[in-house]
Trainee: 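Quick one: the structure is below, and I'll ask about it shortly.
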Amino acid sequence: MRGRTAPALALVAVTALGLGGCGQQEEPAVSVESLVGQSVAQAERKLPDNASMVSYDLSTPVQGTEPSYRIADDAGTDEEWTVVASCANTKNIQDGTELAVGILRTDTVTRKLTHQAKTHTFDKHLTECR
């Protein structure tokens with residue numbers, strides 16, 4: 001009987017080890033395109049360590065107003081700026097992306113601008129998208 005117990009215990013241990021990895025999941029891929037509509041802060045939080053991001057204030061070409069991102073005293077925080085264009089050298093940001101985003105003050109983004117952003121209207125303002 002002892003001879004049969006050892007193989008049975010080994011089988012249970014191997015099965016337990018095999019099931020142990022089932023609960024671990026990889027982070028879902030975040031597409032560059034999915035960042036449109038999110039705040040700059042949200043986009044930055046999703047970036048892995050091996051990625052970089054540059055932000056362009058598109059206030060002048062899109063709205064005809066002076067740019068103010070990180071310039072003006074009342075420019076607000078990264079939570080108050082919305083991504084309206086995004087381009088990168090990879091499809092997903094986890095792939096060591098060099099990301100470029102076009103941004104506008106959130107309080108100036110209308111439904112029309114949101115629709116235009118989602119249909120890539122503002123990509124033309126980023127050299128990285130050409």
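As a basis for the values below, the full set of heavy atoms in this structure was taken, side chains included, without hydrogen atoms, waters or symmetry mates. Positions are given from 1 along the sequence.
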Trainee: Find out whether Gln38 and Thr82 are in side-chain contact, i.e. whether some heavy atom of one side chain is under 4.5 Å from a heavy atom of the other.
Mentor: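 A side-chain contact under 4.5 Å is absent here.
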Trainee: With rounding to the nearest 0.5 Å, note down the distance linking CD in Glu80 to OG in Ser39.
Mentor: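 The distance works out to 10.0 Å.
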Trainee: Between the side chain of Asn89 and the main-chain N/O of Thr97, is any donor-acceptor distance below 3.5 Å?
Mentor: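 Pair absent, no side-chain N/O of Asn89 close to backbone of Thr97.
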Trainee: Indicate if Leu58 and Val109 have the same hydrophobic cluster label, given that clusters are the connected sets of ILVMFWY residues with side-chain heavy-atom separations under 4.5 angstrom.
Mentor: yes
Trainee: Going from OG1 on Thr110 to NE2 on His115, what distance comes out if it is rounded to the nearest 0.5 angstrom?
Mentor: 11.0 Å
Trainee: Would you mind checking if Arg105 and Glu66 are paired as a salt bridge, meaning a charged N to carboxylate O distance below 4.0 Å?
Mentor: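 Salt bridge flag = no for Arg105 with Glu66.
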Trainee: Under 4.5 Å between side-chain heavy atoms, hopping through other hydrophobics if needed: is there a path connecting Trp81 to Leu47?
Mentor: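 Yes, it is one cluster - the side chains of Trp81 and Leu47 are joined through contacts under 4.5 Å.
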Trainee: With sequence neighbours left out, which residue pairs that include part of residues 99-130 fulfil the disulfide bond (SG atoms under 2.5 Å apart) condition?
Mentor: Cys87-Cys129
Trainee: Take atom CZ in Arg111; do more than 12 heavy atoms of anything else shown fall under 6.0 Å from it?
Mentor: no
Trainee: I'd like to know whether Glu33 forms a side-chain contact (heavy atoms from CB on, under 4.5 Å) with His120, so could you lay out the CA-CA distance, the side-chain angles of the two residues, the decisive distance to 0.1 Å, and finally the verdict.
Mentor: CA-CA 9 Å; Glu33 187 174 296; His120 306 280; 3.4 Å; yes
Trainee: Is it true that Phe122 and Val36 fall in one hydrophobic cluster, defined by side-chain heavy atoms closer than 4.5 Å?
Mentor: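 Shared cluster, no.
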Trainee: Taking Ser59 for its side chain and Pro67 for its backbone only, find out whether a donor-acceptor pair lies under 3.5 Å.
Mentor: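 Checking the backbone N and O of Pro67 against the side chain of Ser59, no donor-acceptor pair under 3.5 Å is found.
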Trainee: Report whether Ile93 and Met53 are members of the same hydrophobic cluster (ILVMFWY, side-chain heavy atoms less than 4.5 Å apart, transitive linking).
Mentor: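 Same hydrophobic cluster.
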Trainee: May I ask you to say whether Asp78 pairs ionically with Arg45, meaning some side-chain N is under 4.0 Å from a carboxylate O?
Mentor: no
Trainee: Going by heavy atoms in the side chains, are Leu113 and Val84 under 4.5 Å from each other?
Mentor: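 With C-beta onward as the side chain, the pair stays apart.
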Trainee: Lys91 vs Val32, test: side-chain contact (heavy atoms from CB on, under 4.5 Å). Steps then yes/no.
Mentor: CA-CA 6 Å; Lys91 183 178 177 181; Val32 171; 6.0 Å; no
Trainee: How about CD on Gln42, more than 12 heavy atoms from neighbouring residues, nucleotides or ligands closer than 6.0 Å, or not?
Mentor: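 Enclosed: over 12 neighbouring heavy atoms sit under 6.0 Å from CD of Gln42.
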Trainee: Do Leu104 and Tyr69 come close enough that some side-chain heavy atom pair is under 4.5 Å?
Mentor: no
Trainee: In Å, rounded to the nearest 0.5 Å, how long is the span from CG of Asp57 to NE2 of His125?
Mentor: 12.0 Å
Trainee: Atom CD in Glu128, atom CZ in Arg130: separation rounded to 0.5 Å?
Mentor: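 The CD atom of Glu128 sits 9.0 Å away from the CZ atom of Arg130.
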Trainee: So which atom in Ala75 and which in Ser68 form the shortest heavy-atom distance, rounded to 0.1 Å?
Mentor: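 It is CB-O, 3.0 Å.
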Trainee: Would you say Leu126 ends up clustered with Leu99 if hydrophobic residues are merged whenever their side chains have heavy atoms under 4.5 Å apart, either directly or through other cluster members?
Mentor: no
Trainee: Taking the side chain as every heavy atom from C-beta outward, state whether Ile103 and Tyr56 have any pair of such atoms under 4.5 Å apart.
Mentor: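 No. Closest side-chain heavy atoms not under 4.5 Å.
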Trainee: Could you grab the distance from atom OG of Ser34 to atom CG of Asn92, nearest 0.5 Å is fine?
Mentor: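 Here the interatomic distance stands at 8.0 Å.
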